[in-house]
Novice: 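There's a structure below that I have some questions on.
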Amino acid sequence: MITLGEYIIEKQHQFPDATGELTQLLGAIRLAAKVVNREINKAGLVDIIGATGVENVQGEVQQKLDLYANEKFKAALEARGEVCGVASEEEDEFVSFDSARSIDSKYVVLMDPLDGSSNIDVNVSVGTIFSIYKRISPCGAPAVLEDFLQPGHRQVAAGYVVYGSSTMLVYTTGHGVHGFTCDPSLGVFYLSHENMTIPDDGVIYSINEGNYLKFPTGVKKYLKYCQEIEPETNRPYTSRYIGSLVSDFHRNLLKGGIYIYPSTASAPKGKLRLLYECNPMAFLIEQAGGKASDGFTRIMDIEPEELHQRVPFFCGSKHMVETVEEMMREYSSEEQ
Ligand SMILES: O=P(O)(O)OC[C@H]1O[C@](O)(COP(=O)(O)O)[C@@H](O)[C@@H]1O
Ligand SMILES: [Mg+2]
Ligand SMILES: [Mg+2]
């Protein structure tokens with residue numbers, strides 16, 4: 001069995017100008033994931049459950065585990081000195097690391113330290129999402145906002161950790177999608193899913209149907225399409241919604257399916273954040289043979305304007321995303 005650390009080093013040859021910095025950076029993420037995993041596993045026994053009473057820049061009340069995970073990932077990335085700055089769901093502004101080694105580093109990280117916060121207290125699987133870019137500002141100076149506001153197609157690596165019945169780390173560096181399962185007895189991630197691919201078609205749709213009345217017509221039409229009885233096309237599909245993007249995404253990646261968080265009347269831009277939720281998942285799904293858009297535009301072609309901007313998100317099996325995109329186009333003119 002090959003460990004995550006060994007696999008990353010083994011694959012380093014895929015990058016002709018590799019210096020080992022990205023390898024070190026991924027090592028820091030691996031370490032922080034283990035620390036957070038240990039805390040999550042004993043969540044009911046330690047003071048990590050519940051809210052802090054403080055709101056983040058998105059107006060959401062931060063959970064204790066949101067902050068814990070944020071601190072652990074930030075500390076691990078800063079300690080390794082391979083990152084000049086991070087942007088996080090739990091930080092209003094990006095954080096620039098000012099040690100000499102960090103300032104010289106060529107990478108920035110964007111992260112959702114704890115995804116699926118509404119599921120923390122009820123023992124339902126949650127995750128961490130990360131996205132890595134090469135900075136565009138010169139090394140040797142503090143990071144700047146532009147280093148973080150890059151379109152998704154410029155990512156050099158992206159991934160997530162899912163803290164579920166088993167803990168897995170799934171990542172891509174643009175050479176396929178690979179999954180590693182943590183052996184809890186050793187605290188070591190071993191390669192368990194190499195070259196993950198998503199089927200072009202699936203029978204699972206993931207969406208919060210509680211918002212149905214507020215959905216765009218194209219999405220309503222697609223849900224009707226999913227629920228129609230037509231055995232030749234495996235319909236009706238099955239509805240599955242965990243309420244943690246990482247967990248819904250992971251299931252759909254393995255089995256085929258589509259995850260949709262559309263715009264709604266009350267949230268015209270949807271809920272999910274472009275830079276540290278949608279872009280990394282879009283990079284992974286495209287590397288696995290799937291598709292991700294905002295219903296019209298490829299997610300990774302969207303030019304970011306703000307750190308915490310939201311976008312509607314349609315992601316999963318290629319043919320399923322193409323079908324709902326057709327319906328979005330067909331009915332979008334009606335809604336204008
Ligand atoms: O409860 P809703 O509105 O369906 O939203 C659920 C979605 O919101 C999220 O929890 C947002 O992520 P955070 O928990 O990181 O804020 C996603 O993981 C999930 O898919
Ligand atoms: Mg999230
Ligand atoms: Mg979060």
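As the structure lists them, so they are numbered: ligands from 1, and atoms in each ligand from 1. No experiment lies behind these values; they were computed from the predicted model shown.
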Novice: For Ser244 and Asn119, which I'm curious about, is there any donor-acceptor pair between the side chains at under 3.5 Å?
Specialist: yes
Novice: N/O of Asp115 under 3.5 Å from N/O of ligand 1, yes or no?
Specialist: yes
Novice: Just wondering, do Ile132 and Leu26 contact through their side chains at under 4.5 Å, heavy atoms?
Specialist: yes
Novice: If you check every N/O/S atom of Glu89, which is the one nearest the Mg ion (ligand 3)?
Specialist: OE1
Novice: Among His308, Glu89, Lys271, Glu90, which residue satisfies the side-chain hydrogen bond (donor to acceptor under 3.5 Å, both in side chains) criterion with Gln58?
Specialist: His308
Novice: What is the nearest protein non-hydrogen atom to atom 3 (O) of ligand 1, stated with its residue, atom name and distance?
Specialist: Tyr261 OH, 2.6 Å
Novice: Given Glu286, which partner from the list Arg298, Lys291, His153 fulfils the side-chain hydrogen bond (donor to acceptor under 3.5 Å, both in side chains) test?
Specialist: Arg298
Novice: Which atoms from ligand 1 have a heavy atom of Asp112 less than 4.0 Å away?
Specialist: 15 (O)
Novice: Counting from 1, what ligand 1 atoms have a heavy atom of Leu245 closer than 4.0 Å?
Specialist: 17 (C), 18 (O), 19 (C), 20 (O)
Novice: Please list, in number order, the atoms of ligand 1 under 4.0 Å from a heavy atom of Glu277.
Specialist: 11 (C), 12 (O), 13 (P), 15 (O)
Novice: Before giving the answer on salt bridge (Lys or Arg N to Asp or Glu O under 4.0 Å), spell out for Glu330 and Lys221 the whole-Å C-alpha distance, their side-chain angles and the decisive distance to 0.1 Å.
Specialist: CA-CA 10 Å; Glu330 192 180 338; Lys221 294 288 180 194; over 6 Å; no
Novice: For Glu277, what is the atom name of its N, O or S atom nearest to the Mg ion (ligand 2)?
Specialist: OE2
Novice: Less than 4.0 angstrom from a charged side-chain N to a carboxylate O is my criterion; do Glu305 and Lys269 meet it?
Specialist: no
Novice: So which protein heavy atom does atom 4 (O) of ligand 1 come closest to, and at what separation?
Specialist: Tyr241 OH, 2.6 Å
Novice: With heavy-atom distances below 4.5 Å as the criterion, would you say the side chains of Ile242 and Val124 are in contact?
Specialist: yes
Novice: Counting each atom of ligand 1 from 1 as listed, which ones have a heavy atom of Glu60 under 4.0 Å away?
Specialist: 16 (O)
Novice: Counting heavy atoms only, name the option from Gln63, Lys271, Glu89 that's nearest to atom 7 (C) of ligand 1.
Specialist: Lys271
Novice: Hey, are Glu146 and Arg135 close enough for a salt bridge, meaning a charged N less than 4.0 Å from a carboxylate O?
Specialist: no
Novice: Working to 10°, measure the angle at the Mg ion (ligand 2) formed by atom OD2 of Asp112 and atom OD1 of Asp115.
Specialist: 100°
Novice: Find all atoms of ligand 1 within a distance of less than 4.0 Å from any non-hydrogen atom belonging to Ser244, and give their numbers and elements.
Specialist: 18 (O), 20 (O)
Novice: Within a distance under 4.0 Å of any heavy atom of Ser117, pick out the atoms of ligand 1 and give their elements.
Specialist: 14 (O)
Novice: Would you kindly specify which portion of Arg273 sits under 4.0 Å from ligand 1, judged on non-hydrogen atoms: side chain, backbone, both or neither?
Specialist: side chain
Novice: What protein heavy atom lies closest to atom 20 (O) of ligand 1? Include the residue and the distance to one decimal.
Specialist: Tyr259 OH, 2.8 Å
Novice: Assess the side chains of Gln155 and Ser131: does a donor N or O sit below 3.5 Å from an acceptor N or O?
Specialist: yes
Novice: Looking only at protein heavy atoms, which one is nearest to atom 19 (C) of ligand 1, and how far off is it?
Specialist: Gly243 O, 3.3 Å
Novice: Does Leu114, backbone or side chain, put an N or O under 3.5 Å from an N or O of ligand 1?
Specialist: yes
Novice: Checking the side chain of Tyr259 only, and the main-chain atoms of Asn252 only, is there a donor and an acceptor separated by less than 3.5 Å?
Specialist: no
Novice: Quick check: does Gly116 get an N/O under 3.5 Å from an N/O on ligand 1?
Specialist: yes
Novice: Does any N or O in the side chain of His178 come within less than 3.5 Å of the main-chain N or O of Asn195, such that one atom is a donor and the other an acceptor?
Specialist: yes
Novice: Could you check Tyr205 against Tyr237 for ring pair (Phe, Tyr, Trp, His ring centres under 6.0 Å), going step by step and ending with a plain yes or no?
Specialist: CA-CA 7 Å; Tyr205 65 97; Tyr237 295 157; 7.0 Å; no
Novice: So if I count the atoms of ligand 1 from 1 in the order they appear, which ones are less than 4.0 Å from some heavy atom of Asn208?
Specialist: 2 (P), 3 (O), 4 (O)
Novice: Verify the distance test for Leu114 against the Mg ion (ligand 3): any N/O/S atom under 2.8 Å, yes or no.
Specialist: yes
